[in-house]
Asks: 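Pasting a structure here, questions to come.
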Amino acid sequence: MIRHLLLLTVVLAAVAAADGWLRRARDSGRAEAAVLRSILPPSGQVEPDRVRTLSLQVPGSSPWVYERRGGTWRFPAYFGAYAHSGRVDRLLHEVLGASGTLVTTDEDDFDDLGVSGPQAVRLTLAGNAGESLGEIWIGRGVPGPSGDESYVRRAGSDSVLHLHANPLLTVGAARPPMLDPHLLPPDERGGSVVEVLVTAPPEGAYRLRRVLAPLPEDAPALPLPAGDRERYRWLLERESGVEEDCVDASVWEYLSYLRQVRVQRLVDPAASAGYGFGAARVELTDEEGVRDVLEVGGAAGGDERYARNGRARLTAVLTAARAEWLTPPAEVLLDTLPQPSPFESVGR
């Protein structure tokens with residue numbers, strides 16, 4: 001009887017010890033899973049500004065490579081097209097700055113989470129000298145493809161994180177993604193233009209000059225009005241030297257059009273001899289003296305024409321209507337525009 005009691009005591013003690021161990025292990029696992037952590041280890045943390053090359057590869061596709069050039073991102077594989085720099089920078093901040101919680105380290109779960117080799121979107125980062133700064137595999141969104149969160153893991157690691165961001169929403173669905181379709185480079189679209197020289201045969205050339213607007217007689221000398229539209233007015237100078245006052249709102253509408261006009265596609269700039277570029281052109285000069293030239297070429301087939309951006313070294317195809325309004329008649333800027341304006345009617 002005593003022997004049985006001793007055996008029962010040993011069994012109960014073993015059960016209690018096992019239960020305590022399981023509880024501690026479970027609590028430890030919960031605590032570990034609740035810890036926020038970054039995708040890259042602390043020793044390998046990367047500031048977004050260090051990244052000079054970014055490669056994206058979706059399953060079944062060749063990598064798309066983007067290069068940082070100065071303050072902009074370019075896509076060399078498509079005639080050096082500009083990328084949406086804001087979206088590329090946001091993508092880098094999301095993968096390098098976001099944090100997540102540990103989901104699993106079991107490879108059997110990788111397929112379900114979309115972080116296995118055949119399923120993951122691979123993001124590879126490199127520095128100035130081409131040195132690797134990390135490779136990140138992005139899995140499915142949480143709770144679905146359009147969810148604001150996602151599963152990710154670092155290449156070579158078996159730790160899958162539930163990331164509190166979904167980088168693929170920034171990438172978008174276009175193939176290749178994140179390309180900027182505007183004729184003007186991104187760093188020019190926010191600048192202040194001070195002079196525009198428009199050459200539009202057969203009418204000839206005219207120049208738009210931005211000058212300070214006179215202050216009302218009862219206005220204090222300083223400070224000047226805050227906005228460009230209130231601070232400046234526009235003059236149109238013809239080749240004869242005659243100056244005329246523009247309808248300022250019409251000029252601002254025209255400049256807005258130049259900043260927003262979109263291209264249909266890019267073409268090889270090396271073949272520009274066959275694109276019919278001639279006298280039709282727009283020269284833009286900003287407050288810093290930076291000059292850009294937009295040229296209008298010949299027909300590109302159908303209802304399309306060629307156009308070229310000199311500073312960006314891009315040659316594109318636009319609809320014929322959009323190309324025509326790059327060099328509007330002078331009278332358009334000397335009068336009030338109809339509504340909708342011709343710049344709105346052709347689409348941007």
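The figures here come from the full heavy-atom set of this structure, side chains too, leaving out hydrogens, waters and symmetry mates. It should be emphasised that the depicted structure is a prediction, and the values quoted were computed from it without experimental measurement.
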Asks: At their closest point, which heavy atom of Leu266 faces which heavy atom of Phe79, and how far apart are they?
Replies: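 Shortest heavy-atom contact: O-CE1, 3.7 Å.
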Asks: Going by heavy atoms in the side chains, are Asp89 and Arg68 under 4.5 Å from each other?
Replies: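 In short, these two side chains touch, coming nearer than 4.5 Å.
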Asks: Ignoring hydrogens and angles, tell me if any N or O in the side chain of Gln45 forms a donor-acceptor pair with the backbone of Leu40 under 3.5 Å.
Replies: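 Yes; judged by distance alone, with no hydrogens or angles, the pair exists.
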Asks: Should the pair His162 and His164 be assigned to parallel (<30°), tilted (30 to 60°) or perpendicular (>60°) ring geometry?
Replies: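 If you compare the ring of His162 with that of His164, the planes turn out tilted.
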Asks: Quick one: closest heavy-atom pair of Arg311 and Val290, and the distance?
Replies: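 Answer, listing the atom of Arg311 first, then Val290: NE-CG1, 3.6 Å.
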Asks: Students often mix this up, so state it plainly: with edges at 30° and 60°, are the rings of His84 and His182 parallel, tilted or perpendicular?
Replies: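 Correct class here is perpendicular.
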Asks: Heavy-atom distance under 4.5 Å between the side chains of Leu184 and Leu284, does that happen here?
Replies: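 SC-SC contact between Leu184 and Leu284 confirmed.
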Asks: Between the side chain of Arg322 and the main-chain N/O of Val263, is any donor-acceptor distance below 3.5 Å?
Replies: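 It does not hold such a pair.
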Asks: Say whether Leu123 and Val88 are linked into one hydrophobic cluster, either directly or through other cluster members, by side-chain heavy-atom distances under 4.5 angstrom.
Replies: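 Yes, Leu123 and Val88 fall within the same hydrophobic cluster.
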Asks: I'd like to know if the side chain of Arg87 reaches the main chain of Thr170, judged simply by a donor and an acceptor atom lying under 3.5 Å from each other, with no hydrogens or angles considered.
Replies: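 Judged by distance alone, yes, a pair lies under 3.5 Å.
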Asks: Using a strict 4.0 Å threshold on nitrogen-to-oxygen distance, state whether Arg281 and Glu295 make a salt bridge.
Replies: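 Salt bridge: yes.
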Asks: Would Glu244 and Arg238 pass as an ion pair if we require N to O under 4.0 Å?
Replies: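 Yes, charged N to carboxylate O under 4.0 Å.
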Asks: Would you indicate whether the side-chain heavy atoms of Leu326 and Tyr257 approach each other to under 4.5 Å?
Replies: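 Yes - at least one pair of side-chain heavy atoms lies under 4.5 Å apart.
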Asks: Quick one: does any side-chain atom of Arg122 pair with a main-chain N or O of Glu135 as donor and acceptor, under 3.5 Å?
Replies: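 Judged by distance alone, no pair lies under 3.5 Å.
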Asks: Taking all heavy atoms of Val121 and all of Pro59, pick out the closest pair and write down the distance.
Replies: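 Minimum heavy-atom contact is CG2-CD, 4.3 Å.
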Asks: Val152 and Leu133: same hydrophobic cluster, using ILVMFWY side-chain contacts below 4.5 Å?
Replies: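 Val152 clusters together with Leu133.
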Asks: Within a 6.0 Å radius of atom CD on Glu288, are there more than 12 heavy atoms belonging to other residues, nucleotides or ligands?
Replies: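 No, not enclosed.
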Asks: Looking at Gln339, I want to see if its CD is surrounded by more than 12 non-hydrogen atoms of other residues, nucleotides or ligands under 6.0 Å.
Replies: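 Enclosed.
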Asks: Find out whether Leu102 and Val35 are in side-chain contact, i.e. whether some heavy atom of one side chain is under 4.5 Å from a heavy atom of the other.
Replies: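 No; the side chains remain at least 4.5 Å from each other.
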Asks: Can you tell me how far apart CD (Glu304) and OG1 (Thr319) are? Round to the nearest 0.5 Å.
Replies: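 Separation between the atoms: 8.0 Å.
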Asks: Please check if Leu168 and Leu125 belong to a single hydrophobic cluster, counting links between Ile, Leu, Val, Met, Phe, Trp and Tyr side chain heavy atoms closer than 4.5 Å.
Replies: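 Same cluster: Leu168 reaches Leu125 through Ile, Leu, Val, Met, Phe, Trp or Tyr contacts under 4.5 Å.
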Asks: Which one of Trp325, Trp234, Phe343 satisfies the ring-ring contact (aromatic ring centres under 6.0 Å, His included) criterion with Tyr254?
Replies: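 Going through Trp325, Trp234, Phe343 one by one, the ring-ring contact (aromatic ring centres under 6.0 Å, His included) with Tyr254 is satisfied by Phe343 alone.
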Asks: What are the two closest heavy atoms between Asp106 and Thr104, and how far apart are they?
Replies: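 It is N-OG1, 3.0 Å.
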Asks: Under a 4.0 Å threshold between the charged nitrogen and the carboxylate oxygen, would Glu287 count as salt-bridged to Arg210?
Replies: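 Looking at Arg210 and Glu287, the cut-off is met.
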Asks: Hey, any chance Leu92 and Ile39 share a hydrophobic cluster, counting ILVMFWY side chains that come within less than 4.5 Å of each other, even indirectly?
Replies: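 Looking at the clustering, Ile39 is in the same group as Leu92.
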Asks: Is the positively charged end of Arg308 above the ring of Tyr275, judged by distance under 6.0 angstrom from the centroid and angle within 45° of the axis?
Replies: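 No, a cation-pi geometry is absent between Arg308 and Tyr275.
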Asks: Looking only at atom types and distance, does a side-chain atom of Asp180 sit under 3.5 Å from a main-chain N or O of Tyr82, one as donor and one as acceptor?
Replies: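 Between the backbone of Tyr82 and the side chain of Asp180 there is no qualifying donor-acceptor contact (under 3.5 Å).
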Asks: May I ask whether Trp252 and Leu294 are part of the same hydrophobic cluster, defined by side-chain heavy atoms of I, L, V, M, F, W, Y residues being less than 4.5 angstrom apart, directly or through others?
Replies: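 Yes, it is one cluster - the side chains of Trp252 and Leu294 are joined through contacts under 4.5 Å.
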Asks: Is any side-chain heavy atom of Leu208 closer than 4.5 Å to one of Cys246?
Replies: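 Contact flag for Cys246/Leu208 side chains = yes.
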Asks: So, does Arg69 use its side chain to make a donor-acceptor pair with the main chain of Arg74 at under 3.5 Å?
Replies: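 Not at all, since once roles are kept as given, no pair shorter than 3.5 Å links the two residues.
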Asks: Which pair of heavy atoms, one from Asp335 and one from Val247, lies closest together, and at what distance?
Replies: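 Of all heavy-atom pairs spanning Asp335 and Val247, the closest is C-CG2, 3.5 Å.
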Asks: State, yes or no, whether a side-chain contact exists between Pro177 and Val58 at a heavy-atom distance under 4.5 Å.
Replies: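 Side-chain contact under 4.5 Å: no.
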Asks: Between the side chains of Asp111 and Ser116, is a donor N or O closer than 3.5 angstrom to an acceptor N or O?
Replies: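 A donor-acceptor contact under 3.5 Å links the two side chains.
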Asks: Quick check for you: to the nearest 0.5 Å, what is the distance between Ser256 atom OG and Glu344 atom CD?
Replies: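 Between atom OG of Ser256 and atom CD of Glu344 there are 8.5 Å.
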Asks: Within the side chain of Asn309, is there an N or O that forms a donor-acceptor pair under 3.5 Å with the backbone of Leu183?
Replies: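 Yes; judged by distance alone, with no hydrogens or angles, the pair exists.
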Asks: Treating Arg291 as the side-chain partner and Gly289 as the backbone partner, does any N or O pair qualify as donor plus acceptor under 3.5 Å?
Replies: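 Here the side-chain-to-backbone pair does not exist.
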Asks: Just wondering, do Leu91 and Met178 contact through their side chains at under 4.5 Å, heavy atoms?
Replies: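 In short, these two side chains touch, coming nearer than 4.5 Å.
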Asks: Ignoring hydrogens and angles, tell me if any N or O in the side chain of Glu131 forms a donor-acceptor pair with the backbone of Ala129 under 3.5 Å.
Replies: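 Yes, because the side chain of Glu131 sits within donor-acceptor range (under 3.5 Å) of the backbone of Ala129.
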Asks: Which value, rounded to the nearest 0.5 Å, describes the distance between Arg233 atom CZ and Asp248 atom CG?
Replies: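 Atom-to-atom, Arg233:CZ and Asp248:CG are 8.0 Å apart.
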Asks: Can you label the angle between the Tyr66 ring and the Phe75 ring as parallel, tilted or perpendicular, going by 30° and 60°?
Replies: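 Tilted.
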Asks: Just verifying a value: how many Å separate Gln264 CD and Tyr306 OH, rounded to the nearest 0.5 Å?
Replies: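 Nearest 0.5 Å value for the CD-OH distance: 13.0 Å.
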Asks: With Val65 as reference, evaluate Leu56, Thr53, Leu54, Thr124 under the side chain to side chain contact (heavy atoms under 4.5 Å, CB included) test and give the passing residue.
Replies: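 Looking at Leu56, Thr53, Leu54, Thr124, the match for Val65 under the side chain to side chain contact (heavy atoms under 4.5 Å, CB included) is Thr53.
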Asks: Could you tell me whether the side chain of Ser85 and the main chain of Trp73 form a donor-acceptor pair under 3.5 Å?
Replies: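 Here the side-chain-to-backbone pair exists.
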Asks: Does a sphere of radius 6.0 Å around CG in Asp148 hold more than 12 heavy atoms from other residues, nucleotides or ligands, not counting ones at 6.0 Å or beyond?
Replies: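 For Asp148, atom CG is not crowded (no more than 12 foreign heavy atoms under 6.0 Å).
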Asks: Say you draw a straight line from CG of Leu333 to OG1 of Thr336; how long is it, rounded to the nearest 0.5 Å?
Replies: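 Atom-to-atom, Leu333:CG and Thr336:OG1 are 11.5 Å apart.
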Asks: For the residue pair Ser159 and Arg153, what are the closest heavy atoms and their distance?
Replies: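 Where Ser159 meets Arg153 most closely, the heavy atoms are O-CB, 3.2 Å.
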